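Numbered from 1 within each chain, the chains take letters A, B, ... in sequence-line order. Predicted model, so just to flag it, every value in this text is computed and none were measured.
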Amino acid sequence: MIGKNSGIMTARYNHRDIELKWAKAWDEAGLFRAHAPAEGEARAKYYVLEMFPYPSGRIHVGHSRNYTMGDVVARFKRAQGYNVLHPMGWDAFGLPAENAAIERGAHPETWTRANITTMKAQLRLLGLSLDWDREIATCDPAYYKHQQAIFLAFWRKGLAYRRSAKVNWDPVDNTVLANEQVVDGRGWRSGAVVETRELEQWFFRVTAYTDDLLDALATLSRWPDKVAAMQTNWIARSAGARLRFALAGAPGGAIEVFTTRPDTLFGASFIALAPDHPLTKQIAGVRPDVAAFAAECASLGTSEEAIEKAEKKGVDLGLRAVHPFEPHATLPVWAANFVLSGYGTGALFGCPAHDQRDLEFARRYGLPVKPVVLPPGADAATFAIGKEAYTGAGTAYRSGFLDALPTEEARGAAIAALERLGAGEGVVQYRLRDWGVSRQRYWGCPIPVIHCTACGPTPVPEDQLPVLLPQDVRFDAPGNPLARHPTWKHVPCPRCGAPAERETDTLDTFVDSSWYFARFTDPQNTERPFDPAAARYWLPVDQYVGGVEHAVLHLLYARFFARALRDCGLLDLPGGEPFGGLFTQGMVTHETYRSVDGQWLAPEEVALQDGAAIEIKTGAPAASGPLEKMSKSKKNVIDLDAFIAAFGADVARWFVLSDSPPERDVEWTAAGAEGAARFVQRVWAAIEGHGRPAPGPGAAPPPGADQGEALALRQAAHRAVAGVTEDIEGFRFNRAVARCYELLNALTRAKGEDEAIVFARGEALRLLVQILAPFLPHLAEEGWEALGFAPFLAAAPWPQADPALVEAAALTLPVQINGKRRAEIEAPKGADEALVRALALAKAEPLLGGLTVRKVVVVTDRIVNIVAG
RNA sequence: GCGGUCGUGGCGGAACUGGCAGACGCGGCGGACUUAGGAUCCGUUGGGGCGACCCUUGGGGGUUCAAAUCCCCCCGACCGCACCA
């Protein structure tokens with residue numbers, strides 16, 4: 001019994017001492033260490049992984065949701081008898097460390113290591129069941145040594161290569177960015193408008209696996225559809241034709257274009273080239289107006305504003321191209337700003353009637369608009385194009401040999417004709433490009449290459465790895481400190497011995513995170529990135545947890561790496577898929593405020609006065625902003641350490657999983673946090689109030705436990721066990737939380753001191769503590785001990801629900817008359833239809849009000865509906 | 001423009017495969033204990049009506065004995081991609 005009713009005084013649950021006590025005890029017992037099969041491990045494996053953090057400073061409660069979800073799964077699977085691998089590490093290379101060095105003068109490594117120390121302590125406070133023996137940091141030479149070896153293996157295999165390429169150049173961060181790191185034409189970190197530059201770069205041949213990366217998405221049944229859809233769009237496969245237009249009066253000269261609509265070829269009215277197409281450039285050499293146009297397009301860039309204005313512009317290059325199907329017809333050749341040099345062939349044929357961009361361009365420059373696809377039901381004599389191009393399917397007309405063919409057939413016929421003429425062929429085009437991995441930055445993994453004037457780029461011999469980053473670098477000038485270092489890059493060529501220079505670029509940090517999940521399977525291995533047998537045992541990751549923002553970055557690169565490593569003989573992963581299950585969790589949001597001058601205000605700087613927010617310091621009104629992801633810049637973070645000190649780790653864990661479904665955002669509120677704290681206290685009060693040991697899993701219930709209140713409580717407890725089990729498996733943590741509340745409420749209501757109810761209460765408390773263990777591990781462990789069980793609950797098996805108690809013997813079925821609930825009946829579970837029908841009719845009789853029963857629908861164990869009229 | 005997700009009380013959200021809408025929490029209201037309560041506990045809480053009852057899942061149609069759930073048409077919000085030929 002609780003509180004005053006029983007006369008037992010209950011002490012408040014002291015989270016400070018208890019959480020520390022169990023964290024220490026778990027640690028000393030080595031409960032969370034994953035075991036290799038070589039150690040005689042016989043249990044089935046389960047690999048749970050949260051996307052490892054960048055050590056940026058401190059953890060706030062927003063970050064903790066991600067780790068808590070993974071930890072719930074890890075603790076649950078461990079209890080279910082799996083050999084669980086649940087490791088943690090640090091994505092430790094990256095720009096912020098270098099920026100901190102520039103701003104504060106601290107060495108990137110010093111800054112990073114200090115952050116790791118802080119954040120590791122914070123993660124430990126959260127009570128995460130991590131195997132810290134496997135901790136890795138990507139900035140550790142013991143890690144990047146293997147990455148350098150992997151790079152060389154890729155190079156040998158042709159999966160890494162070097163070429164001059166136009167790159168996205170961030171003028172603020174002074175570095176090259178991957179396409180994925182350019183958002184709306186701006187650098188993802190600096191926000192600066194990105195320029196283009198031509199540089200010698202290293203690339204990973206992601207496109208070697210394009211089809212497999214696309215097709216294998218269908219095998220990832222435990223991935224969110226959304227992520228698979230995003231990758232599909234990113235790879236953007238499109239089938240069509242590549243064809244050549246001969247240049248009139250220039251024997252052998254031709255322009256190659258790509259199209260997805262070869263069926264519209266008879267509607268072609270011009271050819272358009274990208275402003276930086278080789279032919280455009282050639283003509284620009286002799287035509288100043290073309291050169292000026294190209295320069296204008298280059299300066300406009302790909303910024304958001306530029307795209308939004310999106311005025312179609314071009315310049316006539318004065319050439320004529322010969323239509324492959326109509327040798328007597330020639331088309332004008334233009335350079336146009338809407339043609340992308342990086343897609344297809346950087347050239348297209350314009351069919352204004354059936355492409356909106358082409359139409360806008362044609363209207364502006366007075367080019368012909370000839371419809372050649374008749375929409376279903378349209379009249380060939382009157383159909384005309386106005387402001388909207390017709391892009392749908394229909395029937396070809398005014399198209400020579402294609403006439404009367406439906407669009408799909410016309411497509412095939414056109415391709416066949418092109419192939420017969422030798423003028424083109426059917427091809428599949430992708431948007432996915434190879435991955436440029438060179439970065440002109442210090443704080444990254446050095447690329448193990450030496451450039452020799454005689455031998456060219458030469459690999460650093462493997463026995464000389466790792467190529468270490470020099471410690472003595474300066475950040476007082478822009479650009480790459482490695483390139484400026486007085487001695488580091490000067491080395492003899494490993495092949496000929498002549499003076500040569502090291503590659504001073506480092507690898508994109510996304511390389512570091514593309515294989516770390518495999519390193520965790522064998523993190524101490526000094527000889528190899530990982531032991532293939534260990535990787536075969538642990539991989540794929542069974543449950544990966546992280547943010548959806550990585551849908552096309554990290555998650556695509558990691559899939560590429562798994563395939564590339566396999567083909568280099570380093571990894572034995574049959575499906576090539578690193579992550580079997582993926583869960584993308586929502587963020588923790590918090591209210592935001594801004595002062596009149598637009599500055600962000602912390603919630604504690606704001607007070608409510610007559611329902612309106614004001615800034616306390618000035619008394620001026622404050623605008624309450626939208627709910628935002630917690631971030632320092634918006635001043636809406638709740639610091640984890642401070643919260644844990646005040647309420648405890650269990651409360652933080654409980655709160656971030658309550659209320660909202662895990663895939664959706666959850667709003668952090670003080671009231672909600674207090675509610676979570678109240679729950680912890682209530683659970684503890686219930687345990688203390690019980691004040692005696694609880695019956696163990698095998699204990700036989702006393703007489704009387706099969707009826708009345710005792711039975712009801714036992715049923716509630718066993719149903720909670722069954723429900724929470726399903727909820728954890730289905731990632732419905734908010735539902736599991738609700739079930740725990742229900743059980744606690746049932747427990748609190750069940751008063752009385754007779755043997756049966758005491759038994760039921762003890763059993764319910766034991767089961768409650770067991771199902772709470774993944775969520776509130778410290779409280780549960782303390783409760784387990786208080787109920788008379790030996791440590792550790794964290795190592796105890798998951799409770800089994802008794803099916804006889806989950807399923808009731810008798811059910812209350814609602815009885816509807818014409819779809820409206822009018823009565824209810826008691827019926828045995830699984831009662832046959834005739835019985836239920838009779839019971840329902842008897843009950844409903846007086847309620848029918850003279851209506852005639854026309855039909856009775858009985859859904860076993862669910863509902864009865866009487867149709868009357 | 002393309003792709004996706006989603007609209008349920010004052011709020012966050014439950015509701016299996018179509019079967020009692022509103023679990024659970026927050027907030028509110030009433031009470032108990034208190035010098036006090038922003039602690040704790042008990043009760044209550046979708047809306048309307050004194051009432052047997054009626055209404056209610058963004059709006060409108062439809063299918064069905066039965067629709068938050070399935071179909072069609074609107075309206076709205078959010079996320080991703082975006083001159084991709």
When both distances are under 3.5 Å in a Watson-Crick or G-U wobble arrangement, the nucleotide paired with B/rA36 is none
Between B/rG9 and B/rG47 - P atom distance, rounded Å
12 Å
Checking base pairs now: Watson-Crick or wobble, both atom distances under 3.5 Å. What partners B/rG19?
B/rC65
Short side-chain N/O contact to B/rC55 OP1/OP2 from A/Lys820, under 4.0 Å:
yes
Side-chain N,O (A/Lys855) to OP1/OP2 (B/rC65) below 4.0 Å:
yes
Gap between atom CZ of A/Arg735 and atom SG of A/Cys740 - 0.5 Å precision:
10.5 Å
Sugar-phosphate only, base, or nothing, as touched by A/Glu742 at under 4.0 Å among non-hydrogen atoms
sugar-phosphate
Just checking A/Val857: base, sugar-phosphate only, or nothing, at a heavy-atom cut-off of under 4.0 Å?
base
Please work out if A/Tyr741 contacts a base, only the sugar-phosphate, or nothing of the nucleic acid, heavy-atom cut-off 4.0 Å.
sugar-phosphate
Please work out if A/Gly672 contacts a base, only the sugar-phosphate, or nothing of the nucleic acid, heavy-atom cut-off 4.0 Å.
nothing
Between A/Met230 and A/Tyr430, whichever has its closest RNA chain B nucleotide further toward 5' is A/Met230
Below 4.0 angstrom from OP1 or OP2 of B/rA85, is there any side-chain N or O of A/Tyr343?
yes
Sugar-phosphate, base or nothing in reach of A/Val815, heavy atoms under 4.0 Å:
nothing
Go through B/rA23, B/rC20, B/rG80 for me and flag the one nearest to the A/Ala738 side chain.
B/rA23
Euclidean distance for C1', B/rU17 against B/rG13 (whole angstrom):
22 Å
Write down the partner of B/rG30 under the Watson-Crick or G-U wobble criteria, each distance required to be under 3.5 Å.
B/rC42
Whole-angstrom distance between B/rG58 and B/rA68, as gauged at atom C1':
12 Å
Considering every strand and a 4.0 Å limit on heavy-atom distances, what is the contact class for A/Ala236: base, sugar-phosphate, or nothing?
nothing
Assigned glycosidic conformation for B/rG9 [threshold 90° from 0]:
syn
Taking atom P in both B/rG12 and B/rG18, what distance in whole Å separates the two?
27 Å
In residues 654-662 of chain A, what residues come within less than 4.0 Å of RNA chain B, judged by heavy atoms?
A/Asp659, A/Ser660, A/Pro661
Nearest to the A/Asn865 side chain among B/rG19, B/rG3, B/rA85, which nucleotide is it?
B/rG19
A/Gly586 near the nucleic acid: base, sugar-phosphate alone, or nothing, with a heavy-atom cut-off under 4.0 Å?
nothing
Nearest-Å distance once atom P is located in both B/rG30 and B/rG38
12 Å
Report the base-pairing partner of B/rU5 (Watson-Crick or G-U wobble, both distances below 3.5 angstrom), or none.
B/rA77
Tell me which nucleotide among B/rA85, B/rG13, B/rG80 gets nearest to the side chain of A/Asn233.
B/rG80
Below 4.0 Å: OP1/OP2 of B/rC24 and any side-chain N or O of A/Arg739:
no
Under 4.0 angstrom between A/Arg678 side-chain N/O and B/rC26 OP1 or OP2
yes
A/Asn745 side chain N/O closer than 4.0 Å to the phosphate oxygens (OP1, OP2) of B/rG25?
yes
Please tell me which of the listed nucleotides, B/rA14, B/rG27, B/rC81, lies nearest to the side chain of A/Arg735?
B/rA14
Could you give the distance separating B/rA82 and B/rG61 at their P atoms, to the nearest angstrom?
41 Å
Taking any heavy-atom pair under 4.0 Å as a contact, classify A/Arg822: base, sugar-phosphate, or nothing.
sugar-phosphate
Within-4.5 Å side-chain heavy-atom neighbours: A/Val864 and A/Val856:
yes
Would you say A/Asn734 reaches B/rA14's phosphate, i.e. side-chain N/O to OP1/OP2 under 4.0 Å?
yes
Hydrogens and angles aside, do A/Asn745 and A/Arg682 bring a side-chain donor and acceptor to less than 3.5 Å of each other?
yes
Taking the C1' atom of each, how far is B/rU8 from B/rG22, in whole Å?
8 Å
B/rC78 to B/rC73 separation - P atoms, rounded to the nearest Å
23 Å
Would you indicate, yes or no, if B/rC84 has its OP1 or OP2 atom less than 4.0 angstrom from a side-chain nitrogen or oxygen of A/Arg357?
yes
